[in-house]
*Asks:* 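Right, I'll just put the structure down here and ask away after.
Here is the naming used below: chain letters follow the sequence lines, and residue numbers restart at 1 for every chain.
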There are 4 protein chains.
Amino acid sequence: MLRVELTDAIVEVVIDELAEKGYARTSMDGVARRAEVGKSSLYRRWSSKQDMVADAVSQLSVPLVDIPDSGSLRGDIERAFEMVAQWLSDERLGRILPDLTAEAKRNPALAKALTEHLENPRRAKAEPVLDRAIARGELPPDVDRELALDIFAAPIYWRYTVRRTEITPEFLATLTDSTLAFLGARPAKKRRR
Amino acid sequence: MLRVELTDAIVEVVIDELAEKGYARTSMDGVARRAEVGKSSLYRRWSSKQDMVADAVSQLSVPLVDIPDSGSLRGDIERAFEMVAQWLSDERLGRILPDLTAEAKRNPALAKALTEHLENPRRAKAEPVLDRAIARGELPPDVDRELALDIFAAPIYWRYTVRRTEITPEFLATLTDSTLAFLGARPAKKRRR
Amino acid sequence: MLRVELTDAIVEVVIDELAEKGYARTSMDGVARRAEVGKSSLYRRWSSKQDMVADAVSQLSVPLVDIPDSGSLRGDIERAFEMVAQWLSDERLGRILPDLTAEAKRNPALAKALTEHLENPRRAKAEPVLDRAIARGELPPDVDRELALDIFAAPIYWRYTVRRTEITPEFLATLTDSTLAFLGARPAKKRRR
Amino acid sequence: MLRVELTDAIVEVVIDELAEKGYARTSMDGVARRAEVGKSSLYRRWSSKQDMVADAVSQLSVPLVDIPDSGSLRGDIERAFEMVAQWLSDERLGRILPDLTAEAKRNPALAKALTEHLENPRRAKAEPVLDRAIARGELPPDVDRELALDIFAAPIYWRYTVRRTEITPEFLATLTDSTLAFLGARPAKKRRR
DNA sequence: ATGTAAGCGAGACGGTACGTCACGTCTTCAC
DNA sequence: GTGAAGACGTGACGTACCGTCTCGCTTACAT
């Protein structure tokens with residue numbers, strides 16, 4: 001019977017607070033104050049700060065779009081990289097993802113939320129890239145999909161988040177070449193359609 | 001003239017506390033208590049918890065060993081991967097690295113400490129792998145060293161820390177093949193020695 | 001058109017809660033829960049906790065019995081003292097009377113309820129003692145009835161409730177003697193009947 | 001090592017809050033706010049609200065003065081009654097005494113504080129009245145001192161605090177007569193001095 | 001007989017206070 | 001003057017009630 005619009009409003013505030021202050025400095029009192037809500041309304045919904053944040057993350061409307069068929073694996077990968085780069089540098093998500101990643105090491109609920117609501121959707125968006133490449137004959141049908149989906153994100157995350165380095169177009173260009181090789185890509189076999 | 005041996009003792013305690021409890025639950029009071037030291041002795045040395053941790057990290061004796069020449073790039077990479085995997089699952093370092101990475105986004109001092117004392121040494125240890133491969137003719141002399149050094153760590157970090165997945169020998173085996181392709185490796189040109 | 005039987009059931013619960021937990025730890029939520037009633041049913045009847053308690057007290061069936069004619073003022077006083085002592089050490093009333101007394105200082109409704117439903121009935125029960133004593137010639141007809149009715153309760157309340165001391169038979173015996181003097185009692189003039 | 005002047009300032013605030021709001025509505029947060037002090041400073045000194053109040057009561061500088069020798073028991077009693085009446089109608093003490101009395105039923109620490117710091121001093125002030133009366137021959141040497149000390153306070157407390165009635169000079173006059181009888185007072189045996 | 005009012009239980013709501021913990025600052029005292 | 005000890009103000013934690021309020025559901029009277 002919890003008022004849904006109130007829940008949504010609170011979640012919005014949680015995400016804003018997380019983005020502005022990070023996980024540690026986001027407080028229940030602060031969220032309640034900013035949402036103009038009693039603390040009881042928070043604890044009626046979630047049993048702890050960790051719970052609340054995990055739930056808020058679940059509802060983070062990730063700015064994920066489908067990767068359009070560019071006609072080649074190379075083109076598709078370029079688009080996929082751009083998506084990840086934008087994702088990580090996003091105002092809201094980018095600022096909290098490292099915090100959440102760290103916190104998830106201790107908090108299974110948060111870990112689950114992150115996997116299901118952030119990583120899985122991202123992977124789902126990238127799957128068609130592999131399908132199309134296999135159909136084109138650019139990738140072998142038995143390509144290691146797990147590894148392929150990892151490699152679309154890992155190097156960019158590493159550079160941007162762990163090493164705190166700029167993501168330049170040159171980097172992405174070189175990365176694209178190497179990633180094609182990583183995947184064992186071949187030229188498209190023949191005209192499809 | 002702060003007593004150096006006291007500073008060292010405190011740093012030891014900080015590292016232990018971080019490893020045991022993580023960044024967030026490490027407290028100044030706790031460190032002072034465990035080091036049998038007044039809090040003033042902490043704040044005389046560092047201006048905040050973040051500062052103190054950054055400094056402690058600088059003095060983290062990273063368990064990095066030289067990568068011995070295995071005779072082939074493949075062998076060297078396998079050893080390099082093992083090193084990274086051990087590093088991340090290390091009792092002390094592995095438990096706090098995600099915390100520190102997140103914190104570093106807001107704390108330049110910590111960012112600098114991480115880069116200089118963790119990432120740079122790691123890269124330095126991996127450089128000879130590239131040198132040897134070039135000498136063997138397995139890698140072109142103009143290989144993108146930055147990218148190569150990234151790719152030794154990024155996929156493993158992604159799997160282990162971000163996706164919270166087991167690092168299996170099978171994964172490392174497949175990863176090795178793909179990484180060789182990623183780097184554009186060729187068979188060694190001629191018999192060495 | 002509030003359901004009367006519901007009101008009565010709630011009042012019962014209020015009295016029980018008061019007796020078990022005292023005024024401060026009696027909560028509206030607790031009463032509602034125990035009476036299996038919505039909180040609205042409470043606030044529909046009373047505007048606050050204080051109001052509710054005041055009303056409950058009004059309906060407290062005080063265990064007051066008539067003081068039988070013992071044939072002498074001394075005997076009647078002894079019975080009256082016993083009655084007060086039992087009253088104050090009563091399971092239900094005794095535990096809350098100090099609370100209510102304190103609360104009544106700020107709450108006129110409660111004050112009125114206490115006076116009308118507790119003190120006045122008690123005085124009414126003691127009046128015949130005076131009447132009989134006057135008839136017997138033990139007390140002058142113009143005895144200060146107000147003061148006399150006070151003195152039947154005041155010393156015992158003081159000892160038991162304010163000073164938190166045991167009420168012993170010895171105390172009551174001495175008190176009886178002194179009280180007879182206090183009232184200016186004389187031996188009975190003659191045989192009545 | 002607690003700062004004594006801070007403790008004193010807090011105690012002052014506690015007493016003021018008690019007098020203004022009563023026990024129940026006196027809050028730790030409120031005291032901290034008014035004393036411009038952190039809550040931790042409260043809990044460093046006392047383990048709970050009950051503790052704090054008990055201690056504050058201990059330090060209540062009771063406006064007790066010695067009862068001067070009026071030359072007769074009657075005069076001394078009149079003065080003693082006035083003292084009690086002023087005590088109970090005192091701005092600070094009178095407003096909280098009923099609260100504290102009620103609370104003390106559940107709180108032994110508070111009970112002890114009340115006995116030692118309020119009731120015992122009051123009794124000590126009244127003792128000389130008895131001594132002098134015995135010396136004058138107005139009271140027998142074996143008078144029941146306990147009961148005598150009770151009767152100096154009980155009727156007035158009952159009227160003023162329990163029955164919430166005005167204390168009038170007429171009442172006190174009548175009470176004085178009856179109290180002399182209660183005590184079994186006789187005329188002074190002989191000229192003193 | 002059916003509409004409409006009201007009582008009802010349930011419990012969400014914005015608040016305030018509880019007692020605990022950690023932060024970073026400041027003060028005291030011993031050496 | 002360094003250091004141990006720890007008090008200080010601040011503010012977050014998660015819990016418990018307060019008194020208000022909004023829901024559907026039931027009951028009962030008036031049409």
Side-chain angles (χ1 to χ4, degrees), chain A residues 1-7 10 24-33 35-52, chain B residues 1-3 6-7 10 24-33 35-52, chain C residues 1-4 6-7 10 24-33 35-52, chain D residues 1-4 6-7 10 24-33 35-52:
Chain A
M1 290 204 183
L2 299 170
R3 278 170 50 205
V4 184
E5 74 275 18
L6 192 60
T7 307
I10 296 171
R25 301 191 47 210
T26 292
S27 75
M28 298 302 267
D29 289 83
V31 168
R33 219 176 296 125
E36 293 181 312
V37 137
K39 272 209 292 178
S40 42
S41 289
L42 267 41
Y43 284 100
R44 223 172 272 125
R45 287 169 171 77
W46 305 284
S47 68
S48 69
K49 177 181 165 182
Q50 299 185 346
D51 245 55
M52 182 182 73
Chain B
M1 298 316 120
L2 302 169
R3 276 168 49 206
L6 191 59
T7 307
I10 295 170
R25 300 190 48 212
T26 292
S27 75
M28 299 303 268
D29 292 79
V31 168
R33 210 176 306 121
E36 294 180 311
V37 137
K39 277 210 290 179
S40 45
S41 292
L42 266 43
Y43 284 98
R44 215 173 280 125
R45 289 171 169 77
W46 305 282
S47 69
S48 70
K49 178 181 166 182
Q50 298 182 350
D51 245 54
M52 181 184 74
Chain C
M1 302 312 126
L2 301 170
R3 279 170 49 206
V4 184
L6 191 59
T7 306
I10 295 171
R25 297 190 51 212
T26 292
S27 75
M28 298 304 267
D29 291 81
V31 168
R33 210 177 306 124
E36 294 180 313
V37 135
K39 275 208 292 177
S40 44
S41 290
L42 266 44
Y43 284 99
R44 219 174 278 122
R45 287 169 170 78
W46 306 283
S47 70
S48 69
K49 177 181 166 182
Q50 299 182 348
D51 245 56
M52 182 183 74
Chain D
M1 291 204 183
L2 300 171
R3 278 168 50 205
V4 184
L6 192 59
T7 306
I10 295 171
R25 300 191 49 211
T26 292
S27 75
M28 299 302 268
D29 290 82
V31 169
R33 218 176 297 125
E36 294 180 311
V37 137
K39 272 209 291 179
S40 44
S41 289
L42 267 41
Y43 283 99
R44 222 172 274 123
R45 288 170 170 75
W46 306 284
S47 69
S48 68
K49 177 181 164 183
Q50 299 185 346
D51 245 56
M52 182 183 73

*Asks:* Could you run down nucleotides 25-31 of chain E 5' to 3' and tag each one B, S or - for protein heavy-atom contact under 4.0 Å?
*Replies:* B------

*Asks:* Looking only at the side chain of B/L6 (C-beta and beyond, no hydrogens), which of the listed nucleotides E/dC13, F/dA4, F/dC8 gets closest?
*Replies:* F/dA4

*Asks:* Using a 3.5 Å distance criterion without hydrogens, assess whether the side chain of D/S47 forms a donor-acceptor pair with backbone atoms of D/Y43.
*Replies:*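 Checking the backbone N and O of D/Y43 against the side chain of D/S47, no donor-acceptor pair under 3.5 Å is found.
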
*Asks:* Contact list please: residues 25-32 of chain B against DNA chain F, heavy atoms, distance less than 4.0 Å, in numerical order.
*Replies:* none

*Asks:* Is the shortest side-chain heavy-atom distance between C/D51 and C/R45 below 4.5 Å?
*Replies:* no

*Asks:* Would you mind reading off the distance between A/K49 atom NZ and F/dG11 atom C1', rounded to a whole angstrom?
*Replies:*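 So the two atoms are 13 Å apart, to the nearest Å.
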
*Asks:* Once rounded to the nearest 0.5 Å, what's the spacing between atom CG of C/L6 and atom CZ of C/R44?
*Replies:* 9.0 Å

*Asks:* Over how many whole Å does the gap from A/E5 atom CD to E/dA12 atom C1' extend?
*Replies:* 11 Å

*Asks:* Hey, could you give me the OG/CZ distance between C/S41 and C/R3, rounded to the nearest 0.5 Å?
*Replies:*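 Those atoms lie 8.5 Å apart.
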
*Asks:* Considering all heavy atoms of both residues, which atom of A/G38 and which atom of A/A32 are nearest to each other, and what is their separation?
*Replies:*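 Closest heavy-atom pair between A/G38 and A/A32: C-CB, 4.3 Å.
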
*Asks:* C/L2 has an atom CG; how far is it from atom C1' of E/dC8, in whole Å?
*Replies:* 10 Å

*Asks:* Using heavy-atom distances to pick each residue's nearest nucleotide on DNA chain E, tell me which of D/R33 and A/V4 is more 5'.
*Replies:*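 Result: A/V4.
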
*Asks:* Take a 6.0 Å sphere around CD of C/E36 and say whether it holds more than 12 heavy atoms from other residues, nucleotides or ligands.
*Replies:* no

*Asks:* I need the CG-C1' distance between A/L42 and E/dA12, as an integer number of Å.
*Replies:*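 That distance rounds to 13 Å.
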
*Asks:* Within this structure, what is the CZ-to-P distance between D/R45 and F/dG6, rounded to whole angstrom?
*Replies:* 15 Å

*Asks:* Using modelled atom types and a 3.5 Å cut-off, is there a donor and acceptor pairing between side-chain atoms of C/K39 and backbone atoms of C/V31?
*Replies:* no

*Asks:* Restricting to non-hydrogen atoms, name the atom on A/K49 and the atom on A/T26 that form the minimum distance, rounded to 0.1 Å.
*Replies:*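 A/K49 and A/T26 have their closest heavy atoms at NZ-O, 2.8 Å.
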
*Asks:* Using atom CD1 of A/I10 as one end and atom P of E/dA12 as the other, report the distance to the nearest whole Å.
*Replies:* 13 Å

*Asks:* Look up atom CH2 in C/W46 and atom CD1 in C/I10, then write down how far apart they are to the nearest 0.5 Å.
*Replies:*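 Those atoms lie 4.5 Å apart.
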
